[in-house]
Trainee: 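Before I ask anything, here is the structure I am working with.
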Amino acid sequence: MKIYERASAKINLSLDVLRKREDGYHEVEMVMTMVDLADRIEMQELPRDTIIISSQAGYIPLDEKNLAFQAARLIKDRYDVRKGVYIHLDKKIPVAAGLAGGSSDAAATLRGLNRLWGLGIPTEELQKLGGELGSDVPFCVTGGTALATGRGEILHPVDNPLQCWVILAKPPINVSTSEVYGKLNAAGINHHPDTKGVLEAIRHKRFDELCGSLGNVLEEVTLQLYPQVRQMKEVMERLGADGVLMSGSGPTVFGLVSKEAKVARIYNGLRGFCKDVYAVRMLP
Ligand code: ATP
């Protein structure tokens, strides 16, 4: 039997760090939402008790370092499944981009294998398993829009923001999430994002307020390290995006746009000097 899952990319409408915890993790407060850019994951049962990963993308690990592999091994071990699986990752989400591509693949693998092997694992349990693989994985299990607290694994679902266009542009650099968090001085943050404002704007369906409340505390670090990201933000603003922010630890910058008429102009303007540009919708 063969099944398919979509693994969508996420963006952060708000990303705040409250403090560094004793266990080394950062206590965060983030509003995350999914966009219509997704990897397609194929899972097929194998007669042998083994996990095989393949992908058309040449630049991701295909061994136990791959998050989809780790998800498959975790579910097999925890539920004592003595079956094998072949997983093909058709990557569309750029890698190490701040769009949670790996986390979303892991979450989709958990959902898919739960189906393929008829395990009947409830969603909350899948999210708990996901939390063992990475802080963004629990959110990716369900998607939608959520306020995430703790180290990102405590989820409070919120309404989806107003439908709008999201233009994503990834400067040609790879950013390490752990390096960015490592360089953040959590105790010395002067400007915390207006997470409440983001939530209020979503609740009242006020697009302009949402654009005005966007904030990401990690920009402080990444923009300093990589001037290309600051430049990308400036270009996106100049081209007329309504709200512009870096997603996650970067380097992808996204622009929210309400009017379809503006989308092509911004997209084409960015394509002039950046290869990785996408115009997508927020996922309902
Ligand atoms: P996040 O926003 O959650 O920090 P990201 O979008 O910045 O994630 P990913 O695309 O998840 O970053 O990739 C981070 C690292 O994980 C890369 O160095 C990559 O080699 C590794 N990786 C492991 N499995 C995968 C996968 N299935 N897809 C993409 N990258 C993977």
Side-chain angles (χ1 to χ4, degrees), residues 5-15 17 25-26 28 30-35 37-43 51-74 85-113 130-141 143 146 148 151-153 155 166 168-184 216-219 221-222 225-226 229 245-254 276 278 280:
E5 284 281 338
R6 273 171 70 83
S8 303
K10 67 94 207 201
I11 55 171
N12 296 89
L13 301 173
S14 168
L15 195 166
V17 174
Y25 286 105
H26 288 84
V28 297
M30 317 188 273
V31 180
M32 301 197 273
T33 193
M34 290 288 192
V35 296
L37 170 68
D39 296 340
R40 185 168 182 265
I41 306 192
E42 176 189 322
M43 285 163 258
I51 301 166
I52 298 172
I53 307 271
S54 72
S55 176
Q56 97 294 7
Y59 36 78
I60 56 165
L62 298 176
D63 53 11
E64 68 282 348
K65 288 197 202 75
N66 195 296
L67 281 156
F69 183 101
Q70 293 172 18
R73 190 170 53 193
L74 181 63
V85 63
Y86 165 70
I87 302 173
H88 180 76
L89 306 172
D90 185 4
K91 293 290 297 178
K92 295 282 188 287
I93 306 174
V95 174
L99 299 171
S103 303
S104 202
D105 289 354
T109 302
L110 293 175
R111 290 195 308 266
L113 294 182
E132 296 181 32
L133 299 167
S135 301
D136 284 349
V137 183
F139 167 72
C140 293
V141 168
R151 61 180 178 90
E153 86 287 17
L155 298 169
V166 183
L168 303 163
K170 178 187 174 276
I173 45 171
N174 287 345
V175 169
S176 148
T177 302
S178 58
E179 186 194 0
V180 172
Y181 271 101
K183 291 212 154 88
L184 180 76
N216 179 347
V217 88
L218 299 180
E219 281 191 341
V221 179
T222 308
L225 290 173
Y226 303 101
V229 181
L245 193 71
M246 182 183 84
S247 184
S249 52
T252 301
V253 168
F254 69 85
D276 281 327
Y278 309 83
V280 297

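Both counts, for ligands and for their atoms, begin at 1 and track the order of listing.
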Trainee: Tell me, please, which residues at least two apart from Pro172 pass side chain to side chain contact (heavy atoms under 4.5 Å, CB included).
Mentor: none
Trainee: Which parts of the protein, at residue level, reach under 4.0 Å of ligand 1 through a heavy atom?
Mentor: Lys10, Ile60, Pro61, Lys65, Asn66, Leu67, Leu89, Lys91, Val95, Ala96, Ala97, Gly98, Leu99, Ala100, Gly101, Gly102, Ser103, Asp105, Asp136, Thr177
Trainee: Looking at Ser135 and Gly152, would you say the former's side chain and the latter's main chain have a donor-acceptor pair under 3.5 Å?
Mentor: no
Trainee: Donor-acceptor pairs under 3.5 angstrom involving side-chain atoms of residues 98-105: please list them, not counting sequence neighbours.
Mentor:
from	atom 1	to	atom 2	distance (Å)
Ser104	OG	Ser8	N	3.1
Ser104	OG	Ser8	O	2.6
Asp105	OD2	Lys91	NZ	2.9

Trainee: Within the distance-only criterion (no hydrogens, no angle test), does the side chain of Asn216 pair as donor or acceptor with the backbone N or O of Met246 below 3.5 angstrom?
Mentor: yes
Trainee: With sequence neighbours left out, write down each residue that passes side chain to side chain contact (heavy atoms under 4.5 Å, CB included) with Leu225, or none if nothing qualifies.
Mentor: Glu179, Lys183, Val221
Trainee: Just by modelled atom types, is the Leu37 backbone N or O under 3.5 Å from a matching donor or acceptor in the Arg6 side chain?
Mentor: no
